[in-house]
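Heads up: the structure comes next, in structure tokens.
So that the names make sense, note that chain A is the first sequence line, chain B the second, and so on, each numbered from 1.
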2 protein chains.
Amino acid sequence: MKSPSHPRDRGIPEATVARLPLYLRALHGMAERGIATVSSEDLATAAGVNSAKLRKDLSHLGSYGTRGVGYDVEYLVYQISRELGLTQDWAVAIVGVGNLGRALANYGGFVSRGFHVAAMFDADPDVVGDTIAGLNVEHIDALEAVIKRRGVSIVVLATPAAAAQEVCDRVVAAGVTSILNFAPVVLSVPGSVDVRKVDLSIELQILAFHEQRKAGGPLMAVDTQ
Amino acid sequence: MKSPSHPRDRGIPEATVARLPLYLRALHGMAERGIATVSSEDLATAAGVNSAKLRKDLSHLGSYGTRGVGYDVEYLVYQISRELGLTQDWAVAIVGVGNLGRALANYGGFVSRGFHVAAMFDADPDVVGDTIAGLNVEHIDALEAVIKRRGVSIVVLATPAAAAQEVCDRVVAAGVTSILNFAPVVLSVPGSVDVRKVDLSIELQILAFHEQRKAGGPLMAVDTQ
DNA sequence: ATCCCTTTGTGAACCGATGCACAAAGTAGG
DNA sequence: CCTACTTTGTGCATCGGTTCACAAAGGGAT
Ligand SMILES: NC(=O)c1ccc[n+]([C@@H]2O[C@H](COP(=O)([O-])OP(=O)(O)OC[C@H]3O[C@@H](n4cnc5c(N)ncnc54)[C@H](O)[C@@H]3O)[C@@H](O)[C@H]2O)c1
Ligand SMILES: NC(=O)c1ccc[n+]([C@@H]2O[C@H](COP(=O)([O-])OP(=O)(O)OC[C@H]3O[C@@H](n4cnc5c(N)ncnc54)[C@H](O)[C@@H]3O)[C@@H](O)[C@H]2O)c1
């Protein structure tokens with residue numbers, strides 16, 4: 001760090017942010033196996049990326065490596081966790097407790113680090129009042145009140161597609177600015193709200209596209225003309 | 001089409017492929033509502049993208065629009081479906097019938113167009129033999145035989161992380177070249193195999209990153225030095 | 001203290017994707 | 001047939017991201 005430029009620039013590329021969780025997961029595995037330091041080469045392999053990319057990604061957080069040695073695993077875990085905001089525990093709410101919502105609620109894995117399910121909501125009277133993974137399912141009418149009271153800042157949307165936009169609007173109105181959407185609809189939200197989507201059917205269609213190419217590829221030089 | 005270049009170039013950009021399912025979904029909705037033609041502007045809005053991007057995407061498939069009018073909805077549905085390989089019905093197998101595997105199996109939505117669940121596998125004797133969504137759960141030992149017999153070409157992996165790579169190897173050995181992975185591991189596969197991953201915890205971490213920025217952003221100009 | 005070896009951090013070239021802006025192509029109406 | 005209007009398809013500038021390749025930095029040995 002000589003003179004100009006920022007040592008740790010605020011403004012990490014989006015592509016880098018999307019990979020940090022991958023590095024973090026690999027590092028956790030290494031820490032558990034008692035590995036103290038790791039080279040960019042080894043960490044990159046474990047995370048399934050190329051080592052130049054990994055080094056550039058980490059360089060956006062700061063100069064946390066030691067030349068000739070590598071990165072201290074514990075220290076890097078801490079730095080990435082801090083950067084991702086995982087040093088605090090985020091309260092997540094699940095809206096729509098059907099097939100998928102239940103699976104998510106029962107999923108131990110994502111409670112692991114940095115997140116916990118703080119509330120669950122449904123509109124169906126048969127479902128409201130059920131206890132799932134030790135938590136009571138609230139009625140959707142209580143959405144605003146419960147979100148405020150329990151400090152929910154991330155909402156997982158697992159309602160049918162038809163209800164998603166309406167529920168989304170209420171969630172946003174309640175002050176939530178981060179949404180993970182499983183319903184197959186394009187949600188319309190204010191610019192200040194982040195929506196990420198998980199869409200099974202899109203993923204399958206992309207796979208089908210490539211599968212078709214593989215099948216027909218080499219032989220299928222048949223032009224339509 | 002004057003002289004050089006391909007009218008319909010094989011080699012559609014990956015980013016375009018990932019959006020085609022979005023357009024298709026919007027078009028299906030319009031077809032159901034009886035809309036016969038649609039402009040790039042309207043279709044783009046429905047799909048949540050910008051219209052120049054949509055037109056460029058569609059131009060990779062061919063010149064299917066009419067200037068001054070727009071695109072014929074039915075025709076475009078057919079062309080995109082064909083391009084994505086949805087004019088055939090793909091046999092999908094689900095491996096790992098736990099919380100998530102069950103939710104996926106019971107999910108009607110993805111059977112809808114172009115895909116059907118042709119087999120389900122698990123290693124747990126208590127689960128094998130169960131009937132879920134009208135289909136018998138097979139033992140994982142029968143993987144290779146059943147995959148061949150039923151012509152499975154896409155596998156959805158929903159086993160615990162620890163088992164994922166081993167199952168993946170068997171699936172690949174059985175000739176499958178398209179995998180949708182829900183387990184939080186980096187799968188290692190030959191280059192000819194396509195793997196797409198769905199990772200809840202990565203999505204949440206990305207949301208947490210941005211949420212943290214929003215919270216501390218404007219005020220948090222505190223430098224660590 | 002010097003030399004050799006390893007590995008980081010980054011400048012620079014490259015590549016694919018995005019979005020603007022407009023000519024070309026079509027419709028509709030007189 | 002000609003004019004006015006609409007909307008596509010694309011050339012081009014730009015941007016963000018990836019990859020290469022190497023100078024600089026540090027550790028360890030002698
Ligand atoms: N199940 C899957 O594997 C899967 C996969 C991909 C996508 N999805 C999508 O995820 C969503 C949920 O899928 P599912 O299989 O769990 O459906 P589901 O029908 O089993 O569950 C939906 C739940 O949402 C509740 N609900 C309906 N309207 C509501 C409202 N206004 N407010 C609150 N709750 C409401 C229903 O009572 C029901 O319990 C759907 O949009 C589906 O397309 C599911
Ligand atoms: N449940 C969720 O919401 C969720 C969300 C994100 C990711 N995931 C991931 O999806 C995977 C499945 O999650 P889950 O909650 O359904 O777990 P689960 O434990 O409920 O189910 C896993 C199933 O896989 C079976 N299995 C184990 N080893 C197997 C093998 N070698 N061959 C075949 N089957 C085998 C088990 O018998 C079990 O039925 C996990 O990797 C989890 O991390 C789950």
Side-chain angles (χ1 to χ4, degrees), chain A residues 1-20 22-23 27 30 35-73 75-76 79-80 83 206 210, chain B residues 1-20 22-23 27 30 35-73 75-76 79-80 83 206 210:
Chain A
M1 285 146 243
K2 308 188 172 192
S3 47
S5 89
H6 320 251
R8 179 157 30 100
D9 201 354
R10 253 83 238 286
I12 297 180
E14 195 53 37
T16 296
V17 172
R19 281 187 296 265
L20 290 179
L22 232 47
Y23 305 152
L27 286 165
M30 290 171 174
I35 298 172
T37 65
V38 64
S39 69
S40 64
E41 198 64 54
D42 290 353
L43 182 52
T45 302
V49 302
N50 126 354
S51 71
K53 184 148 56 179
L54 177 124
R55 286 199 298 279
K56 185 148 287 188
D57 282 344
L58 295 184
S59 77
H60 287 114
L61 315 191
S63 274
Y64 298 142
T66 307
R67 292 168 192 233
V69 178
Y71 300 88
D72 182 278
V73 173
Y75 186 59
L76 198 50
Q79 290 297 345
I80 295 179
E83 197 64 52
I206 296 172
H210 292 295
Chain B
M1 286 146 243
K2 307 182 173 201
S3 47
S5 92
H6 320 252
R8 180 157 28 103
D9 200 354
R10 253 81 240 285
I12 297 180
E14 194 54 35
T16 295
V17 173
R19 280 187 297 265
L20 289 180
L22 231 47
Y23 305 152
L27 286 165
M30 290 171 174
I35 298 173
T37 65
V38 64
S39 70
S40 64
E41 198 63 53
D42 290 353
L43 181 52
T45 301
V49 303
N50 127 357
S51 70
K53 183 149 58 179
L54 177 126
R55 286 198 300 277
K56 186 152 287 184
D57 282 343
L58 294 184
S59 78
H60 287 115
L61 315 192
S63 275
Y64 298 142
T66 308
R67 295 173 191 225
V69 176
Y71 301 88
D72 183 277
V73 173
Y75 186 59
L76 198 50
Q79 290 298 343
I80 296 179
E83 198 64 52
I206 296 171
H210 292 295

Give me the distances for all protein-to-nucleotides 27-30 of chain D N/O pairs that come in under 3.5 Å?
none

Got a list of protein N/O to nucleotides 12-16 of chain D N/O distances below 3.5 Å?
{"residue": "dC12(D)", "atom": "N4", "partner": "Lys56(B)", "partner atom": "NZ", "Å": "3.2"}

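Rounded to the nearest 0.5 Å, atoms CG (Leu43(B)) and OH (Tyr23(B)) are 7.5 Å apart. The CG atom of Leu61(B) lies 7.5 Å from the CG atom of Leu76(B); values are rounded to the nearest 0.5 Å. The structure places CD of Glu83(A) at 7.5 Å from CG of Leu20(A), a figure rounded to the nearest 0.5 Å. For the atom pair CD of Gln79(A) and CG of Leu27(A), the computed distance is 12.0 Å after rounding to the nearest 0.5 Å.
When every heavy atom of Tyr64(A) is checked against every heavy atom of Tyr75(A), the shortest pair comes out as CD2-CE2, 3.7 Å. Smallest separation of non-hydrogen atoms from Asp42(A) and Met30(A): O-CE, 4.2 Å. Smallest separation of non-hydrogen atoms from Ala44(A) and Ser51(A): CB-CA, 3.6 Å. Thr37(A) and Ile35(A) get closest at one heavy-atom pair: O-CG2, 3.3 Å.
With the end axes of the helix from dA1(C)-dT30(D) to dG30(C)-dC1(D) each set by five pairs, the angle from one to the other reads 0° at 10° resolution.
Under the salt bridge (charged side-chain N to carboxylate O under 4.0 Å, His left out) criterion, the residue pairs touching residues 11-20 of chain B are Arg19(B)-Asp57(B), with sequence neighbours excluded.
Whole-Å rounding puts the Ile12(A) CD1 to dT18(D) C1' distance at 18 Å. Rounded to a whole Å, the CG atom of Leu58(B) is 11 Å from the C1' atom of dG9(D). Atom OH in Tyr64(B) sits roughly 19 Å away from atom C1' in dT7(D) (whole-Å rounding). Rounding to whole angstrom units, CD of residue Glu41(B) and P of dT6(D) are separated by 13 Å.
Taking Lys56(A) as the reference, Ser59(A), His60(A) meet the side-chain contact (heavy atoms from CB on, under 4.5 Å) condition, with sequence neighbours excluded. Scanning for salt bridge (Lys or Arg N to Asp or Glu O under 4.0 Å) contacts around Arg55(B) gives an empty result, with sequence neighbours left out.
Along DNA chain C, read 5' to 3', the first and last nucleotides having any atom under 4.0 Å from a heavy atom of chain B are dA17(C) to dT27(C).
Here the side chains of Leu54(B) and Leu58(B) are in contact, with some heavy-atom distance below 4.5 Å.
Only Asn50(A), Ala52(A), Lys53(A), listed by number, bring a heavy atom of residues 44-54 of chain A to less than 4.0 angstrom from any atom of DNA chain D.
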